[in-house]
Each structure stands twice: as C-alpha cells, then as structure tokens.
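In what follows, every chain begins at residue 1, and chains take the letters A, B, ... in the order their sequences are listed. The structure displayed is predicted, hence computed values, not measured ones.
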There are 4 protein chains.
Amino acid sequence: MPEPGNPSHSRRSTRSHQAILQAALALCRENGYASVTIEGIAARAGVGKQTIYRWWPSKAAVVFDAFADVAPGFQAPHTGDLTADFRTFLFKVVRFLNDPDFGPCIAALIGEAQRDPDVRSMFVERFAESRLPRRGSIMARLESAQESGELPTSLDLSVLLEIVFGALYHRLLLGSGPLDKRYARLVVDTVLSGVGNASE
Amino acid sequence: MPEPGNPSHSRRSTRSHQAILQAALALCRENGYASVTIEGIAARAGVGKQTIYRWWPSKAAVVFDAFADVAPGFQAPHTGDLTADFRTFLFKVVRFLNDPDFGPCIAALIGEAQRDPDVRSMFVERFAESRLPRRGSIMARLESAQESGELPTSLDLSVLLEIVFGALYHRLLLGSGPLDKRYARLVVDTVLSGVGNASE
Amino acid sequence: MPEPGNPSHSRRSTRSHQAILQAALALCRENGYASVTIEGIAARAGVGKQTIYRWWPSKAAVVFDAFADVAPGFQAPHTGDLTADFRTFLFKVVRFLNDPDFGPCIAALIGEAQRDPDVRSMFVERFAESRLPRRGSIMARLESAQESGELPTSLDLSVLLEIVFGALYHRLLLGSGPLDKRYARLVVDTVLSGVGNASE
Amino acid sequence: MPEPGNPSHSRRSTRSHQAILQAALALCRENGYASVTIEGIAARAGVGKQTIYRWWPSKAAVVFDAFADVAPGFQAPHTGDLTADFRTFLFKVVRFLNDPDFGPCIAALIGEAQRDPDVRSMFVERFAESRLPRRGSIMARLESAQESGELPTSLDLSVLLEIVFGALYHRLLLGSGPLDKRYARLVVDTVLSGVGNASE
DNA sequence: AGTTAAGCGAGACGGTACGTCTCGTCTTACC
DNA sequence: GGTAAGACGAGACGTACCGTCTCGCTTAACT
C-alpha cells in the first residue's frame, strides 16, 4: 500500500499518512481495536475520512500498517545449543505477546482476519511468513541446525514454526492458560524432543 | 442460558427458541458469520428482536448455541498404538474443521472472541475445554497412555492438546497452509516424537 | 404525512414529531434554509436521523411541514367593494411575505421545488391551491363577485390569482423591486381594471 | 466575469473558457441543472477544477454564462395594435420557456437564486432587467404605446412587465397549469383590459 | 372460567459508524 | 506562470444495526 518510491503515489501527503498511522495506533492502544473507527482515526489525525479510504481498503489495513511500523523483530541467538536458542527466541516472542501494546492488537487482527480475507492474507504475508524478517532469524537458526545435523533435512521448518506459534496463539486467542516462559519452554521441548517415550 | 427444567424459564416459547437457533445457523452458513445480525435472525425466525435479547447476551452467544446444538463430538479409538489412535482422532477433527458448515463458523467465533471476552470464555469453557465431551475422548486415551507408560505421568495433557489444536487453528485461522491429513500426521508425530535427533 | 387519526401512524412519537418540526423551523430561521441539514435537525431535536427519514421523504418536506404548522391563513373582507377587499387581502399577504420568518422560507421552498418535483407538487397542492384555506377566503370573495356581477362569470379565478401571486413572487424571488403596499395596490388595480385606455 | 479585452485576463485560455461553457451547457441539458457539478464540468471540459474556480464564483455563474451565450432575445412587432403585439411577443416567450433546453434551466437558475444572492442579482441584472436587450424590445413597444396614448404615461412599465412575467414564472416554477398560448393571451388581456366590469 | 401477568411479534426510538459524495482549497509537475 | 490533475480537510448524505422501549395480542397458570 504505502510503497515509498512508487511514482503513482508521489502526490501522497506524508504528513497525513503519518498522522493517520499514529492516530490508529494510539486509539488501538487506548480503547482496544474493537472501538477503533475510521471516523475516530480521521478525527484524531485531523484528516478527512476520504483520505483514509483513498489509501487503505479497511480499518484493519490501517491498524496493521500502523502496527507493522512499530512491531519489533527478534534475533535468535546461535550458541550451538538449538534447544536453548529456540527457548531464548520464544521467550522474547512471549514477552512481546504479553505486552499490552502489542498482544491484544495482534489477537484483534487475527480476529479481524476471520471477517475479512484481505486481512488474513495481509497477516500471513506480512507478519507470519517464515521468509519475512519477523520469523527470518529463527528460520536461519533452524536451517543452520539442519546443516549441522541437529535437525533432519527432511523437516519442513515452516510447519515446525506453525506448531510452535500455533501453541502460543492458542493461549493468546483463547486465554486457555498463562502465556509465560514456562509454557514457552514446554512448547519448545515438546516440539524438539517429543513427549512420547515408548517409541523412542 | 437455555436451561431446560429451570422453572423461571417455563414460559419460554420452544417454537421461537428453535426458530432462532435455526435461523442463526442458516444465516451463518449462507453468508458467513460476519453478515449475521440480530435483526436478520429475528426477521428470518419470524421473531421480535426483544425475544432474542431476552435470552441471549450477544449475537455470538446465539450462534454458539445454534452451533453447539449440531457440532458432533469425536471418539478416539484405543487400539493400543497411541500414535495411530491420536492420528485417527485428529483426522476426524481435520475433516470437521474443513467442513464448510463448521470450519468457517468456528474460525469466526474465535475471531469474535477477540472482541468480546464473554465469547472467549464461552468458547473455552464450552468447546475447547479438555474436560468437556468434545476433547474428553482423546483426553481419556491420553490418560490411559500415561497409565500404561506410553506417556510420562508428569506431562500436562492439557498443554499437549493446546499444542496440537493450536497447530490446527494456526492453519484454520490464518490459512498458512492446507489443513489436511498430512499436516495432522506431522503434528501428531512431532508432538509425540519430537523433531530433534542430536540432543536425544 | 402526519395525518392524525391514521391508525398506521399510531406508533409515531408525538414528542419526536414536534421536536423535529420545531428544530427545522428554528434552524431555517436562524441561518436560512440552505444551511438546514437533516443531521442538524436531528441533532437539534435530540432525535435519530432515521426517525426523520422514516416519516419524511426529504429535507424540504420537513421544513414545509414545520412551516405549514405555523403559517397563518388570511381572511378576505367583504365590504361590497371588490377592489378595496382585494387590496386589503393582498396587503396582508405582502406583510406576510416580508416577515423575515416567512418570506425567505417560502422563497427557499419555491427554489427547492426546482430541484425536487415532489416539493413542487407539495407546494402547489398544499400551499398555492385556490381550493385550500390559504387562498380559499379570497376565492370565496371572488366567487361572490361573480355572483353579484362585479366579475364576469366566464373568468377563470385561478388564473386571476396566478397573475396576482405571480407578480408578488416575481419580487419575492428576484428582488426586482420592493414588495410593499404600493406594489400590491398596483397589481390589484392592474388586474381588475387593466392598464390600457384606448381599447376600453 | 469573462470580460473580453480586460487586460488582467489576458493570460486566460480561450480554449478552456469555451470548453467550460459548452460542458456546463451540455451537462445542464442532459441531466438537469441539479446534477451539474463543478467537478463534472471540469472533467467534461478536460480542464482543472481550479481553472473554473479562478474565473467564476459559483456553479450558477458558469451555467448562467453558458446559458446567456445561447439564449435568444425576442423582437416585439409594432403593428399599431398593442394588444396583438404584446400577445405575439408573449407567445415567443412562452415557446422559449417551454423549450426543454431553456425552460428548466431558467427555472433552476431562479431556484438557485434563492440560495445564492449573487445569482439573484446576476439573474435580475443580466436577464430580467427591462433595460436589457432581452426585455428591451417589448419595452420599446410599450414606450411607444405611451407616446401614442395607448397606455397612460403615468404607468410604470417595469411593474407591468413584472406582472406579466410573474404570471408566466408562476406556471414555470410551480407547474400550476399549462404554460401555453391560451394562458399568455389571458395574461396579456387581463393586464391591458382588466377583468372587472362593474367599477369601470 | 376468568383473571392476570409473562412472553411474544412488531417496530419506533436515540444513537453510532459506515462508505460515498461533493465542496472549495491546496499542491505538484508539466509546458 | 497558467494549467491539468488530483490529493486534501470538511462535512452531509442516506443506510445498516445496535440495544432499548413501548405497544397490543396471545397464552399459560393460578385463582
């Protein structure tokens, strides 16, 4: 959407663009995503509604952009101990998801993705993709593990991440239990070592 | 909410009650949860809006009730082979989540749960709880596995199910890949045996 | 529109109805018809917009109703002197059209009638019709004049009134000169006696 | 507004000027004045909106200019019979007002004049003034009638024309009856000879 | 069997936000 | 420097639903 350098967007007002993203983010944090409205964003940003509709297809797209601007990526360490490195990475993710500025917003966007297919693909393509910087660092660590023989080369690493993040999202979305370090450790250990003992 | 036998509800009209649930279900399946409205349900059911508001706190509660009426539970087999039994169970779940009459509706309810805390707790308590019939059968199979030594007794089975269902929900909610038997098998195998080989 | 006794309107809220008409009238007088908006009326009346759209087809219809509620009718005297009686009647009309609470509003409604055919027919049927009370009194006087021989029975009295009121409207709408007693007298005299002298 | 020869306008693009007037006229005739917009004119004329705003104060001014360019004036004959000459003149006016290319447009401009005082004065000064060419010919005929004694010299001819045109406008604006030759004849005869017979 | 109070259908009500439209101004790039 | 193009702030439009409320009507339970 906002593609810097794209000449077809050269007339776009930077001031309005930034004001809209900041307003969206602020409103989302203050009262929760559900209470964010296009009218509210426009009013807060001192901008006409049309200016928002001109550049974004939906409320979710605005919030997502605002959010993508500020959401950090995480570095996965490489100490040589895959399990430890994975745990360290997941602790960061869990801390992020527990941050009241981010967790509820992510949950809400996944919720919105159920109403609007565009949001769904936006979320996957720009946030949850293993190729993207966000998951890129842990992916690199896992690929390195495949090279070093810590993980089988036949393994689909994307699936591995889906299982791990799916477990975190289960608690984020449903509140079925605390989303803490202990849980993160359990998830990593389960995925890497398995829970069965008979068949090993 | 609708508690048969509760004398305070004795005057409740069965006809309206049923008509509302059926209308809600039908509308949800025809145009998707997002386009369901209380007004629409009332019109379709030939019922006053107040009658809905009298007995349900929200749109989601109506749809959830309608949905709970018809959603099947699944039996987990007990052949002695835990991995095989778990796979069999998960195949059924995957088939259910792929059913256009159920999958999108569940996804939408999880989405709605992000807007309405009541829906979130309703979903957990009446659908995703491991004590409930829905997950009860696989829980029983897992407990039996603990008794037989196939699984360590220290294991928190609820967490195990959260990881497994979280993996399925990741694809259900985000469409990050096909929600098929192959994926289900990968999830079961990963959770039971783990993917690491160096540290074992 | 508001037809007292009509059972199909029995649910209509009298309070809202009155509040809307009063708000419309007040706004029209304060800032002129052009600046009246449905939103403004709704806000001023403490009423939902839908309540206005439910009962009136357009802004003009609301203002017209509000206006019709308060616009007075005029009695034409019957002294036996037709010219004098006609003049007296027209003096009242001129005073009415000069009233800042009425004249500009009538002019605006005639203006609106050029944009909306419904307003045009509403204006004619409910305001300018010779059968209506508003023009009824002078019509009765003219008919009496026909019976007494003061006016030829072949005369189309409606046309007569169109000429007279057309002359007044010319000044009301275009401001082509003062809309005063002197002008009213000239109009009456011209219509009754004519301006030519050669052919008489 | 567009004053040829005015040096301050020397940079004005003739091509744009003409295109704007033609576009305004065409749009007005195609869909009616109410649906004409500055944006529409600009798009149709292949012109920037600013170019219109630079040279005209309002939509009405553009349309009026476009309209004044093409509206014909009428010659009043001079046969010696005032009544006949007046009738002939008015027949032409009535035919003009019934022309779908002109009548509705004039009605709309009078309507617009009720919203915008500038339009009102523009209409009077450039269209309905008795000194202007438009009414000049009949004025000359009436003045000649005063000289020949057909009309009293004390008569205010402007008022006479206001009565006559007011009668026509009454039907044009309100549709209170057919705007035809019969009506025109009645108006002329009434104004010249009067309708009363007793008091004469 | 008649009374009475609830649940019921219907839908008007005060609101909020929607997404669209048009306004008149402002900005940019071209010629 | 005037122009075509069109983004911008503003704000009304008419619609859709919300959740509340008041109507009479129906109906079951309790005199």
Side-chain angles (χ1 to χ4, degrees), chain A residues 7-17 19-20 35-43 45-55 57-59, chain B residues 7-17 19-20 35-43 45-59, chain C residues 7-17 19-20 35-43 45-55 57-59, chain D residues 9-13 15-16 19 35-40 42-43 45-59:
Chain A
S8 79
H9 290 155
S10 55
R11 307 285 207 87
R12 186 169 192 175
S13 155
T14 335
R15 197 197 64 77
S16 296
H17 186 179
I20 288 165
S35 74
V36 176
T37 65
I38 298 271
E39 300 218 310
I41 296 173
V47 139
K49 283 163 68 179
Q50 196 60 50
T51 301
I52 300 182
Y53 284 110
R54 193 168 4 242
W55 300 109
S58 65
K59 174 179 92 166
Chain B
S8 79
H9 291 154
S10 54
R11 301 281 268 271
R12 183 168 193 175
S13 154
T14 339
R15 197 199 65 77
S16 296
H17 186 181
I20 288 165
S35 73
V36 176
T37 63
I38 297 273
E39 302 219 296
I41 297 173
V47 138
K49 284 163 65 179
Q50 196 59 252
T51 303
I52 301 182
Y53 284 111
R54 194 167 6 242
W55 301 108
W56 287 276
S58 67
K59 173 179 94 163
Chain C
S8 80
H9 290 154
S10 56
R11 307 283 211 96
R12 186 169 192 173
S13 154
T14 336
R15 196 196 65 77
S16 297
H17 186 179
I20 288 165
S35 74
V36 176
T37 64
I38 298 271
E39 300 221 320
I41 297 173
V47 138
K49 283 163 70 178
Q50 197 58 52
T51 302
I52 300 181
Y53 285 111
R54 189 157 18 234
W55 300 109
S58 66
K59 175 179 90 166
Chain D
H9 292 153
S10 55
R11 306 282 223 114
R12 184 169 194 174
S13 154
R15 196 200 65 78
S16 295
S35 74
V36 176
T37 64
I38 298 270
E39 308 226 21
V47 138
K49 284 163 65 180
Q50 197 57 251
T51 303
I52 301 182
Y53 283 111
R54 198 170 358 247
W55 302 109
W56 286 274
S58 67
K59 174 178 93 163

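Of the listed nucleotides (F:dG6, E:dC8, F:dG9), F:dG9 has the atom at the smallest distance from the side chain of A:Thr51. Of the candidates F:dA7, F:dG9, E:dC13, E:dC13 carries the atom nearest the C:Ser16 side chain, counting heavy atoms from C-beta on.
Per the geometry, CZ belonging to A:Arg12 stands 18 Å off C1' belonging to F:dA5, to the nearest Å. B:Ile20 has its CD1 atom 12 Å from the P atom of E:dA10, to the nearest Å. Atom pair B:His17:NE2 and F:dT27:C1' shows a separation of 19 Å (rounding to whole Å applied). Note: CD1 (A:Ile52) to P (F:dA7) measures 16 Å, nearest angstrom.
With the end axes of the helix from E:dA1-F:dT31 to E:dC31-F:dG1 each set by five pairs, the angle from one to the other reads 10° at 10° resolution.
Between the side chain of A:Arg11 and the base of E:dA29, no donor-acceptor pair under 3.5 Å is found.
For the pair C:Ile20 and C:Trp55, the minimum side-chain heavy-atom distance is 4.5 Å or more.
Nearest-nucleotide positions on DNA chain F for D:Ala43 and A:Val47 put D:Ala43 closer to the 5' end. Taking for each of B:Gly46 and C:Gly46 the nucleotide of DNA chain E with the nearest heavy atom, the 5'-most of the two is the partner of B:Gly46.
Taking each heavy atom of A:Ala45 and A:Ala19 in turn, the nearest pair found is CB-O, 3.5 Å. Minimum heavy-atom separation, B:Ala42 to B:Gly48: CB-C, 4.2 Å. Across D:Lys59 and D:Val36, no two heavy atoms sit closer than the pair NZ-O, 3.0 Å.
Here C:Arg15 reaches the OP1 or OP2 of E:dG14: one of its side-chain N or O atoms lies under 4.0 Å away. For F:dC8, the OP1/OP2 oxygens have a side-chain nitrogen or oxygen of A:Trp55 closer than 4.0 Å. At the phosphate of E:dC13, OP1 or OP2 sits under 4.0 Å from a side-chain N or O atom of C:Arg54.
For the side-chain contact (heavy atoms from CB on, under 4.5 Å) test, residues two or more places apart in sequence or in another chain that qualify with C:Ser16 are C:Ser13, C:Val47, C:Thr51. Remark: B:Lys49 engages B:Glu39 in a salt bridge (charged side-chain N to carboxylate O under 4.0 Å, His left out) (not counting sequence neighbours). Not counting sequence neighbours, B:Gln50 has no partner by the side-chain hydrogen bond (donor to acceptor under 3.5 Å, both in side chains) test.
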Quick one, give me the B/S/- string for nucleotides 19-24 of chain E, reading 5' to 3', where B means a protein heavy atom under 4.0 Å from the base and S means that only happens at the primed atoms, P, OP1 or OP2. BBBSBB

